[in-house]
Student: 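Pasting a structure below so you can have a look.
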Amino acid sequence: MGGYMGFGMQKWIYSRNLRRQLYMRDRIPSFTSLPKYSRTFTIKPKIKERPKLKGILIILIVFSVVLIGGVNYKNFISYSNRQTVLVNDFSKLKDKKAFNFLLNSGKSRIYRNDIIGAYSEFKLAYNIDLVNKELNQLFIEILYILCDQDDKYCNELDTHIDDYEWIMLD
């Protein structure tokens, strides 16, 4: 019975006596001495080391690693050369596909009378292939049309014509 009744705890709950301990504990000793050991030394047999055998094994391992590395070096060089050629060919193929796509897209934009869009497509295609005559001709025509509308394209037309002349001389 007791406990919380709404007005606080009853006095008999917090003033009651705790249960007594059932037994008394002994005190824990503060220091216990270690037992004294008598140490005895015995002679153990010596493990024989063979420095000549170790040296021969190390030389054999180094020689075999160098031999295997030398044989595989030629294979690695030939593989590396073949891989470089394949990567370059694949890169050229991707550039050619992108160039054709941009050129065709620029032409279709010209047919739809989207001159600014054709300019951006031809500019991207020009960054891929500088020497293409058809692209250079179309790019000069687009720049000439845009030059009538805005003067900033006239400066680009002049620089492009100068660059085109240098490219054709090579």
Student: Supply the atom-to-atom distance Ile68 CD1 to Ser64 OG, rounded to the nearest 0.5 angstrom.
Tutor: 5.5 Å
Student: Which heavy-atom pair separates Leu146 from Ile115 by the least distance, and what is that distance?
Tutor: CD2-CG2, 3.6 Å
Student: Could you walk me through whether Leu103 and Phe122 satisfy the side-chain contact (heavy atoms from CB on, under 4.5 Å) test, starting with their C-alpha distance in whole Å, then the side-chain angles of each, then the deciding distance to 0.1 Å, before giving a yes or no?
Tutor: CA-CA 6 Å; Leu103 187 64; Phe122 289 147; 3.9 Å; yes
Student: If I take atom CD1 from residue Ile128 and atom CZ from residue Phe99, how far apart are they, to the nearest 0.5 angstrom?
Tutor: 7.5 Å
Student: Is there side-chain contact between Ser120 and Ile116, with heavy atoms separated by less than 4.5 Å?
Tutor: no
Student: Check residues 83-90 and write down every donor-acceptor pair under 3.5 Å in which the side-chain atom is one partner and the other belongs to a residue at least two apart or another chain.
Tutor:
unit_1	atom_1	unit_2	atom_2	d
Thr84	OG1	Ser80	O	2.8
Asn88	ND2	Thr84	O	3.3

Student: Suppose the criterion is disulfide (SG to SG under 2.5 Å): which pairs have a residue in residues 51-149, not counting sequence neighbours?
Tutor: Cys147-Cys154
Student: Would you please classify the geometry between the Tyr126 ring and the Phe139 ring as parallel, tilted or perpendicular, with 30° and 60° separating the classes?
Tutor: parallel
Student: Where do Asn136 and Leu130 come nearest, in terms of heavy atoms and distance?
Tutor: ND2-O, 2.9 Å
Student: Give a yes or no on this: more than 12 heavy atoms of other residues, nucleotides or ligands lie within 6.0 Å of atom NZ of Lys107.
Tutor: yes
Student: Can you find a pair of side-chain heavy atoms, one from Tyr144 and one from Ile161, that are under 4.5 Å apart?
Tutor: no
Student: Looking at Ala118 and Ile142, what are the two nearest heavy atoms and their distance?
Tutor: CB-CD1, 4.2 Å
Student: Mind checking the CD1-CD1 spacing from Ile145 to Ile140? Nearest 0.5 Å is all I need.
Tutor: 12.5 Å
Student: Which atoms form the tightest heavy-atom contact between Glu121 and Ser105, and what is the distance?
Tutor: CD-OG, 3.4 Å
Student: Find the distance between OH (Tyr119) and CG (Leu138) and round it off to the nearest 0.5 Å.
Tutor: 14.5 Å
Student: As an exercise, state the distance from CZ of Arg109 to CG of Leu102, rounded to the nearest 0.5 Å.
Tutor: 9.5 Å
Student: Hey, could you give me the CG/CG distance between Leu143 and Asp158, rounded to the nearest 0.5 Å?
Tutor: 10.0 Å
